[in-house]
Amino acid sequence: MKIATWNINGVKARIDTATTWLKSESPDIACLQEIKCMDEAFPTHAFEDLGYNVAVHGQKGFNGVALLSKLPFDEVTPGLAGDAEDVQARYLEGVVSVPSGVVRVVNIYLPNGNGAPEKFAYKLAWMNRLKERVKALLAFEEPLVVAGDYNVIPAPEDVYNPSAWMDDALFRPETRAHFQALLNLGLTDAFRACHDEPHRFTFWDYQAGAWQKNHGLRIDHLLLSPQAADRLIACEIDATPRSWEKPSDHVPIVAELSL
DNA sequence: ATGACAGGCGGGGCCTGA
């Protein structure tokens with residue numbers, strides 16, 4: 001079973017790109033972030049035509065996440081618990097039955113945290129809320145995949161020029177500590193479990209020729225519970241869509257599990 | 001040092017992103 005995550009930076013602007021890639025790679029489950037539309041504006045039929053069940057948690061203009069699954073959803077839960085005031089659409093959880101039992105997929109679009117100080121505080125608070133949710137889910141002792149745009153550069157080898165990023169919200173020590181605390185619950189970074197080479201990126205800025213110069217970041221991740229990590233076969237970044245016309249600034253990353 | 005790209009919204013430029 002292949003589980004993919006991809007920040008597509010606007011589903012309406014990227015529908016052809018998304019369907020082309022899905023037809024080519026045919027992941028069983030895909031987590032999309034930054035759909036940037038309300039639920040009713042999501043192009044559900046375009047994905048249903050490819051054989052996907054669709055779950056959407058959107059909002060007007062910004063953010064928004066969607067889950068696509070070839071197998072039907074047993075459960076879908078939108079929104080991250082822990083802050084009733086938080087209206088940003090950044091979290092969508094789905095459960096799917098598989099031959100070996102179930103797999104739970106958590107699709108996240110973690111806040112960027114740059115800009116005003118309160119944005120960084122929101123990011124760290126969101127990471128704390130995510131940690132609490134993951135802690136609860138791990139108690140089920142089932143295959144769990146927490147996938148998405150983390151907006152976290154885990155280590156210096158995950159950015160082209162770490163010294164230039166020291167004060168950035170994606171790489172600040174507090175951010176990395178919160179990410180490490182998540183891993184310390186017992187999660188495995190699927191890509192790093194399969195690859196130890198530096199400078200493997202999932203994001204290249206549109207600006208300043210970042211793609212051409214390979215000035216990238218590794219900020220999109222699939223984190224696995226022990227029961228999922230035991231079944232991990234492979235994890236690959238597919239950078240090819242970054243070279244297409246009108247690309248997203250992120251590329252898909254796919255984990256294959258024997259579920 | 002600054003700005004550079006891009007999408008959404010809405011119909012001109014501003015906001016947000018990483």
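Letters go in sequence order (proteins before strands), and every chain restarts at 1. Since this is a predicted model, take the numbers as computed values, not measurements.
If you take atom C1' in B:dA4 and the same atom in B:dG17, they sit 14 Å apart, rounded to whole Å. Distance noted for atom C1' between B:dG10 and B:dC15: 13 Å (whole Å). Atom P of B:dC14 sits at a distance of 14 Å from the matching atom of B:dG3, rounded to the whole Å. A distance of about 25 Å separates the P atoms of B:dG13 and B:dT2, rounded to the whole Å. When the C1' atom is compared between B:dA18 and B:dG7, the two are found 14 Å apart, to the nearest whole Å.
Cluster partners of A:Tyr52, using a side-chain heavy-atom cutoff of under 4.5 Å among ILVMFWY residues and allowing indirect links, are A:Trp6, A:Ile8, A:Val11, A:Ile15, A:Trp21, A:Leu22, A:Leu32, A:Ile35, A:Phe42, A:Phe47, A:Leu50, A:Val54, A:Val56, A:Leu68, A:Trp244, A:Val254. Chaining together hydrophobic side chains whose heavy atoms lie under 4.5 Å apart leaves A:Ile233 on its own.
With sequence neighbours left out, the side-chain contact (heavy atoms from CB on, under 4.5 Å) criterion links A:Arg192 to A:Glu157, A:Asp158, A:Asp189, A:His195, A:Arg218. Under the ring pair (Phe, Tyr, Trp, His ring centres under 6.0 Å) criterion, A:His215 pairs with A:Tyr160, not counting sequence neighbours.
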- Task: Summarise protein proximity over nucleotides 5-18 of chain B in one line of letters, 5' to 3': B for base, S for sugar-phosphate only, - for none, counting protein heavy atoms closer than 4.0 Å.
- Result: BSBSS------SSB
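Annotation: salt bridge (Lys or Arg N to Asp or Glu O under 4.0 Å) contacts involving residues 159-184 of chain A, sequence neighbours excluded, comprise A:Arg172-A:Glu174.
In this structure, a donor-acceptor pair under 3.5 Å is present between the side chains of A:Tyr206 and A:Asn9.
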